[in-house]
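Quick notes on the structure that follows.
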Amino acid sequence: MAPSKLIVVLGATGGQGNSVVEAFLTEKDYIIRGVTRQPQSEKAQALSKRGVEVVEADNDEASLVKAFEGASAMVANCDDRFL
């Protein structure tokens, strides 16, 4: 069966984001979109080779709107400085 849900993972190349990506790579119902500031980095390219849709986004609204387009769920790690 083809994946039917899209999960967007912010900070996909970081420690916590990457662990979420790793967990969802085992879930056959999900397409994974990994968001990073540097899609050309080695870590981002390695995710892409494993089937993750890597997209660039940063603190501007347009890139974030595009990153979340069509998402069923999203995962973000929030630094406690922002709480």
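Every heavy atom of this structure was used, including side-chain atoms; hydrogens, water molecules and symmetry mates were not.
For E27, the CD atom is densely surrounded, since the number of other residues' heavy atoms within 6.0 Å is greater than 12. Within 6.0 Å of atom CD in Q38, 12 or fewer heavy atoms from other residues, nucleotides or ligands are found, so the atom counts as exposed in its surroundings.
Under the 3.5 Å distance criterion, the side-chain polar atoms of R33 are matched with a main-chain donor or acceptor of E69. Between the side chain of S63 and the main chain of D58, a donor-acceptor pair closer than 3.5 Å is present. Side-chain atoms of T36 do not come within 3.5 Å of backbone N or O of P39 as any donor-acceptor pair.
Note: the hydrophobic cluster containing L64 also contains V55 (ILVMFWY, side chain heavy atoms under 4.5 Å, direct or indirect links). Under the 4.5 Å side-chain heavy-atom criterion for Ile, Leu, Val, Met, Phe, Trp and Tyr, V75 and V21 are members of the same hydrophobic cluster. At a threshold of 4.5 Å between side-chain heavy atoms, the hydrophobic network of Ile, Leu, Val, Met, Phe, Trp and Tyr places V52 and M74 in two separate groups. Side-chain heavy atoms closer than 4.5 Å link hydrophobic residues (I, L, V, M, F, W, Y) into clusters, and following such links, even through other members, never connects Y30 to V8. Tracing side-chain contacts under 4.5 Å through hydrophobic residues (I, L, V, M, F, W, Y), one reaches I7 starting from V54; they form part of the same cluster.
Put simply, the side chain of L10 reaches to within 4.5 Å of the side chain of F68, judged on heavy atoms.
Here the closest non-hydrogen pair linking V35 and A67 is CG2-CB, 3.9 Å. Among all heavy-atom pairs drawn from E56 and R37, the shortest one is OE2-O, 3.6 Å. What you find for T26 and A23 is that their closest heavy atoms are OG1-O, 2.7 Å.
Atom OG of S41 and atom CG of L47 lie 8.0 Å apart (nearest 0.5 Å). For the atom pair CD of E53 and CD1 of I31, the computed distance is 8.0 Å after rounding to the nearest 0.5 Å. The CG atom of D29 sits 13.0 Å away from the CG atom of L6 when rounded to the nearest 0.5 Å.
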For side-chain contact (heavy atoms from CB on, under 4.5 Å), just list the numbers for I32 and L25, CA-CA rounded to whole Å, side-chain angles, deciding distance to a tenth of an Å, and then say yes or no. CA-CA 8 Å; I32 305 164; L25 281 169; 3.7 Å; yes

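Under the 4.0 Å criterion applied to side-chain N and carboxylate O atoms, E61 and K66 are not assigned as salt-bridge partners.
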